[in-house]
Amino acid sequence: MVGKVCGTGSYVPAHVMSNDDLARIVDTNDEWIRERTGIGRRHIIDGETTSYMAGQAAKKALEQSGIDPEEIDIILLATSSSETVYPCAACEVQKMIGAKHAAGYDLNAACTGFVMAFNAAQAYISAGFCRTVLVIGAESMSNMVDWTDRGTCILFGDGAGAVILRAAEGAPVHMAAHSDGKKGVALTGLSRHRKDWEKEPEDGSVKESFIHMDGQAVFKFAVRKVPEIIEEVLEESGTGLDEIDYFVLHQANRRIIEAVARRLKTDIGKFPMNLEEYANTSAATVPILLDEMNRGGMLKKGQKIMTAGFGAGLTWAASLFEW
Ligand code: COA
């Protein structure tokens, strides 16, 4: 048995922050941000929480799938920016959608979180441990970034995406996942609540708590490791590169995605992107993009989709599945 996607959903806050809005907070400009990243805007929470956004995305996925929430066996929620450590956001979602038979837990692999959770769900289903899994990526990155650091605050946004997997006969799902803790220092973060970053830090200690990143090191890591893991999954599955219909990659930076396409010698048209609108929503980028592709009519039964995530840890993962 494999987990077939039978519903997708997403939620992004209505509140939008453009590059010009950011230029009023830090020394930056629209041209620099677009040229270096491809990002034009980001949606930022305005009262919403991570679990609220996750619950809204889950409701839409459920509605599309026609599945009764009580049929869900497990809720896997990938996040690194939930406002609460416990109850975990997955349990909050369980409550919101009435999935009373489901077990739920959060999983943190930063921006790779959704692909890691998707792979775990597939493993649960193929082992016969469960039939119906709700996989969510949800982030309030605006609570994590240092809004005085122009090197990082321009990159991130908030949102959530959800996918419902149902056990069915079908082509096997192929996957790979890796971590390199020794390089973890390239991208670190501790969550702080909004009320903290609105206060002026007196001794710099609050600032210390936000995201710290060596942008160029992360860029080089992504451009090297993403093609490698895609090739690893292709080889393991005996699939040719040209058989893949879409490469649904973590939406961190347009230049990273373009560099991956060049390294794989593959048409950039097979790499859908929406980061111009949402920026990097960490674990939520892949399911938000999948939902947009699904609802936009881009996805047809039998198409082969390669998804890949990368981020803090350092972590990276990929999954090849049939729509
Ligand atoms: N606006 C204007 N100038 C900026 C800026 C901003 N928002 N941020 C940095 N700069 C400046 C720097 O201070 C530097 O100025 P200097 O030359 O006078 O010292 C110059 O622009 C170049 O900075 P640099 O950090 O070398 O730029 P870059 O080309 O590496 O781009 C990133 C920076 C962050 C866009 C790029 O490294 C990146 O995208 N890395 C990957 C990050 C990522 O995706 N992380 C999440 C992964 S999950």
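Not measured: the values here are computed from a predicted model. Scope of the values below: all heavy atoms of this structure, side chains included, with no hydrogens, waters or symmetry mates. Whatever order the structure lists them in is the order used to number ligands and atoms, beginning at 1.
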K.L.:
Return yes if a side-chain donor-acceptor contact under 3.5 Å exists between Asn143 and Ser140, otherwise no.
P.N.:
no
K.L.:
Is there a donor in the side chain of Thr79 and an acceptor in the side chain of Asp106, or the other way round, less than 3.5 Å apart?
P.N.:
no
K.L.:
Can you sort out which atoms of ligand 1 are near His250, meaning under 4.0 Å from one of its heavy atoms?
P.N.:
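Those of ligand 1 that fall under 4.0 Å from His250 are 48 (S).
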K.L.:
Heavy-atom pairs closer than 4.0 Å: do any link ligand 1 to the side chain of Val26, the backbone, both, or neither?
P.N.:
neither
K.L.:
Would you check if there is a donor-acceptor pair between the side chains of His178 and Glu232 at a distance under 3.5 Å?
P.N.:
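There is such a pair between these side chains.
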K.L.:
For Ile154, state whether at least one heavy atom is located under 4.0 Å from any atom of ligand 1.
P.N.:
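It does; at least one heavy atom falls under 4.0 Å.
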K.L.:
In terms of atom number and element, which parts of ligand 1 are under 4.0 angstrom from non-hydrogen atoms of Cys111?
P.N.:
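It comes down to these atoms of ligand 1: 48 (S).
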K.L.:
Any atoms of ligand 1 less than 4.0 Å from a non-hydrogen atom of Arg36? List them with their elements.
P.N.:
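Counting atoms of ligand 1 from 1, those under 4.0 Å from Arg36 are 22 (C), 27 (O), 28 (P), 29 (O).
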K.L.:
May I ask you to say whether Arg166 pairs ionically with Glu71, meaning some side-chain N is under 4.0 Å from a carboxylate O?
P.N.:
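Judged by the 4.0 Å cut-off on N to carboxylate O distance, Arg166 and Glu71 do form a salt bridge.
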K.L.:
Any non-hydrogen protein atom below 4.0 Å of atom 13 (O) of ligand 1?
P.N.:
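Protein heavy atoms within 4.0 Å of atom 13 (O) of ligand 1 - there is at least one.
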K.L.:
Compute whether any side-chain donor of one residue and acceptor of the other, for His212 and Thr188, lie under 3.5 angstrom apart.
P.N.:
no
K.L.:
To check your reading of the model: name the closest protein heavy atom to atom 11 (C) of ligand 1, its residue, and the distance in Å.
P.N.:
Arg150 NH2, 3.6 Å
K.L.:
Is Lys95 salt-bridged to Glu92, cutoff N-O under 4.0 Å?
P.N.:
yes
K.L.:
Do the side-chain N and O atoms of Gln64 and Asp291 include a donor-acceptor pair separated by under 3.5 angstrom?
P.N.:
no
K.L.:
Ile45 and side chain to side chain contact (heavy atoms under 4.5 Å, CB included): which partner among His15, Glu83, Glu139?
P.N.:
Glu83
K.L.:
Which residue holds the protein heavy atom closest to atom 34 (C) of ligand 1, what is that atom called, and what is the gap in Å?
P.N.:
Gly151 O, 3.9 Å
K.L.:
Among all the protein's heavy atoms, is there at least one whose distance to atom 20 (C) of ligand 1 comes out below 4.0 Å?
P.N.:
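Answer no: nothing from the protein, no heavy atom, is under 4.0 Å.
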K.L.:
Do Thr28 and ligand 1 have an N or O pair less than 3.5 Å apart?
P.N.:
yes
K.L.:
To which protein heavy atom is atom 47 (C) of ligand 1 closest, and what is the distance rounded to 0.1 Å?
P.N.:
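Its nearest protein heavy-atom neighbour is Val218 CG1, 3.6 Å.
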K.L.:
For Lys270, I'd like to know if atom NZ has over 12 heavy atoms of other residues, nucleotides or ligands within 6.0 Å.
P.N.:
yes
K.L.:
List ligand 1 atoms under 4.0 Å from Asn253, heavy atoms only on the residue side.
P.N.:
38 (C), 39 (O)
K.L.:
Measure the distance from atom 33 (C) of ligand 1 to every protein heavy atom, then report the residue, atom name and distance (to 0.1 Å) of the closest one.
P.N.:
Trp32 CH2, 3.9 Å
K.L.:
With Tyr124, which of Leu165, Leu76, Asn119 fulfils side chain to side chain contact (heavy atoms under 4.5 Å, CB included)?
P.N.:
Leu76
K.L.:
Under 4.0 Å from any heavy atom of Thr37, which atoms of ligand 1 are there?
P.N.:
35 (C)
K.L.:
For atom CD of Glu236, decide whether the heavy atoms of other residues, nucleotides or ligands shown that lie under 6.0 angstrom number more than 12.
P.N.:
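Yes, because the 6.0 Å sphere around CD of Glu236 holds more than 12 heavy atoms from other groups.
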K.L.:
Please list, in number order, the atoms of ligand 1 under 4.0 Å from a heavy atom of Phe310.
P.N.:
48 (S)
K.L.:
Starting from atom 45 (N) of ligand 1, find the nearest protein heavy-atom neighbour and note its residue, name and distance.
P.N.:
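Protein heavy atom at minimum distance: Met213 SD, 3.2 Å.
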K.L.:
With the threshold set at 4.0 Å, does a side-chain nitrogen-carboxylate oxygen contact exist between Arg255 and Glu258?
P.N.:
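Salt bridge: no.
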K.L.:
Can you tell which of Ala283, Gly215, Ala217, Ala252 gets a heavy atom nearest to atom 40 (N) of ligand 1?
P.N.:
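Answer by nearest heavy atom: Gly215.
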K.L.:
So is there a nitrogen or oxygen of Gln216 less than 3.5 Å from a nitrogen or oxygen in ligand 1?
P.N.:
yes
K.L.:
My question is simple, although I want it checked carefully: is atom 16 (P) of ligand 1 less than 4.0 angstrom from any protein heavy atom?
P.N.:
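Looking at atom 16 (P) of ligand 1, one finds that no protein heavy atom lies closer than 4.0 Å.
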K.L.:
Just let me know how Asn280 lines up against ligand 1, side chain, backbone, both or neither, with a heavy-atom cut-off below 4.0 Å.
P.N.:
side chain
